[in-house]
Amino acid sequence: QLQLVESGGGLVQAGGSLRLSCAASGSIFSINRMGWYRQAPGKQRELVAAIPSDGSTNYADSVKGRFTISRDDAKNTAYLQMNSLKPEDTAVYYCNALMRERRVGVLRNYWGQGTQVTVSS
């Protein structure tokens with residue numbers, strides 16, 4: 001099966017920066033939309049940023065101007081550059097991708113295992 005693996009999470013002080021990576025692997029035919037979600041304890045998972053295959057980007061209002069999503073299709077990897085981090089950004093961050101496996105005729109939604117981001121005040 002296709003897989004997504006996140007990396008780059010950690011502990012950072014408020015105002016600091018982190019860069020998350022999401023690497024897709026497997027027999028990939030195509031990657032359509034990629035995105036980052038986050039989930040804090042006791043809260044629903046929410047969309048942070050998304051980047052469809054056309055290169056456009058979408059951001060949650062809470063992260064606009066601070067976070068930047070990008071993708072490197074040659075590496076099958078998406079990134080989330082997080083600047084000016086705030087304590088309220090603390091959450092588990094999950095990579096999400098709509099992908100199609102070779103010899104499989106439909107797009108399917110995939111999730112990474114998540115990476116913890118903790119921002120101290």
Side-chain angles (χ1 to χ4, degrees):
Q1 285 192 335
L2 306 184
Q3 295 184 24
L4 298 171
V5 179
E6 303 98 331
S7 62
L11 175 65
V12 65
Q13 288 186 307
S17 299
L18 284 174
R19 187 191 189 212
L20 306 183
S21 298
C22 171
S25 63
S27 185
I28 301 169
F29 180 80
S30 63
I31 303 176
N32 198 327
R33 184 180 187 265
M34 301 189 78
W36 289 93
Y37 291 71
R38 67 186 181 187
Q39 187 167 24
K43 297 184 178 180
Q44 285 191 318
R45 190 171 299 184
E46 65 174 349
L47 176 67
V48 177
I51 182 166
S53 58
D54 65 4
S56 62
T57 56
N58 297 286
Y59 297 94
D61 288 341
S62 60
V63 307
K64 285 182 179 178
R66 299 188 297 120
F67 291 10
T68 302
I69 188 171
S70 61
R71 61 191 286 174
D72 185 339
D73 290 333
K75 297 180 179 179
N76 293 326
T77 301
Y79 305 94
L80 185 68
Q81 179 66 46
M82 304 185 294
N83 298 326
S84 301
L85 283 162
K86 304 175 180 179
E88 50 263 45
D89 294 319
T90 296
V92 177
Y93 283 70
Y94 296 90
C95 181
N96 174 264
L98 188 63
M99 301 190 288
R100 183 160 61 190
E101 187 172 5
R102 292 188 186 277
R103 304 181 74 253
V104 178
V106 298
L107 288 164
R108 293 175 178 172
N109 205 33
Y110 294 84
W111 291 95
Q113 82 288 346
T115 185
Q116 177 70 46
V117 171
T118 302
V119 184
S120 62
S121 60

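None of the values given here were measured: they were computed from a predicted structure. Quick note: numbers below take in every heavy atom, side chains included, and nothing from hydrogens, waters or symmetry partners.
- Of all the heavy atoms in Ala24 and Leu4, the pair that sits closest is CB-CD2, 3.6 Å.
- The two atoms that bring Gly9 and Leu20 nearest to each other are N-CD2, 3.6 Å, heavy atoms only.
- With a 4.5 Å cut-off on side-chain heavy atoms, Ile31 and Asp73 do not count as touching.
- Under a hydrophobic-cluster definition in which Ile, Leu, Val, Met, Phe, Trp and Tyr are linked whenever side-chain heavy atoms come within less than 4.5 Å, directly or via other members, Tyr79 and Leu18 are assigned to different clusters.
- Atom CD of residue Gln3 and atom SG of residue Cys95 lie 12.5 Å apart, to the nearest 0.5 angstrom.
- Residue Leu98 holds its CG atom at 9.0 Å from OH of Tyr110, rounded to the nearest 0.5 Å.
- Across Val104 and Arg100, no two heavy atoms sit closer than the pair O-CG, 3.2 Å.
- In this structure the side chain of Trp111 reaches within 4.5 angstrom of the side chain of Arg45, judged on heavy atoms.
- Atom CE in Met99 sits 11.0 Å away from atom CG in Asn32 (nearest 0.5 Å).
- Taken from CG in Leu80 to OG1 in Thr68, the straight-line distance is 8.0 Å, to the nearest 0.5 Å.
- The distance from the OH atom of Tyr94 to the OG1 atom of Thr115 is 10.0 Å, given to the nearest 0.5 Å.
- Contact of the Met82 side chain with the Asp89 side chain is not registered, since no non-hydrogen atoms from C-beta on lie closer than 4.5 Å.
- Under the 4.5 Å side-chain criterion, counting only non-hydrogen atoms from C-beta, Arg38 is in contact with Glu46.
- Contact detail for Ala40 and Thr90: the closest heavy-atom pair is CB-O, 3.8 Å.
- Between Phe67 and Leu85 there is a side-chain heavy-atom pair separated by less than 4.5 Å.
- Here CG of Asn76 is found 7.5 Å from CE of Met34. Values are rounded to the nearest 0.5 Å.
- Each of Val48, Ile51, Val63 was scored for a side-chain contact (heavy atoms from CB on, under 4.5 Å) with Ile69, with one residue passing: Ile51.
- Proximity of Ser30 to Leu107: side-chain heavy atoms (C-beta onward) are separated by under 4.5 Å at one or more points.
- Closest approach of Tyr59 to Ala49, counting heavy atoms only: CD2-CB, 3.6 Å.
- Within the structure, the side-chain hydrogen bond (donor to acceptor under 3.5 Å, both in side chains) test picks out the following pairs touching residues 4-22 (sequence neighbours left out): Glu6-Gln113, Ser17-Asn83.
- Other residues, nucleotides and ligands contribute over 12 non-hydrogen atoms within 6.0 Å of the CD atom of Glu101.
- Between Asp61 and Lys64 there is a salt bridge, since at least one side-chain N of the basic residue sits less than 4.0 Å from a carboxylate O of the acidic one.
- In this structure, Arg71 and Cys22 have side chains that are not in contact, with every pair of non-hydrogen atoms separated by 4.5 Å or more.
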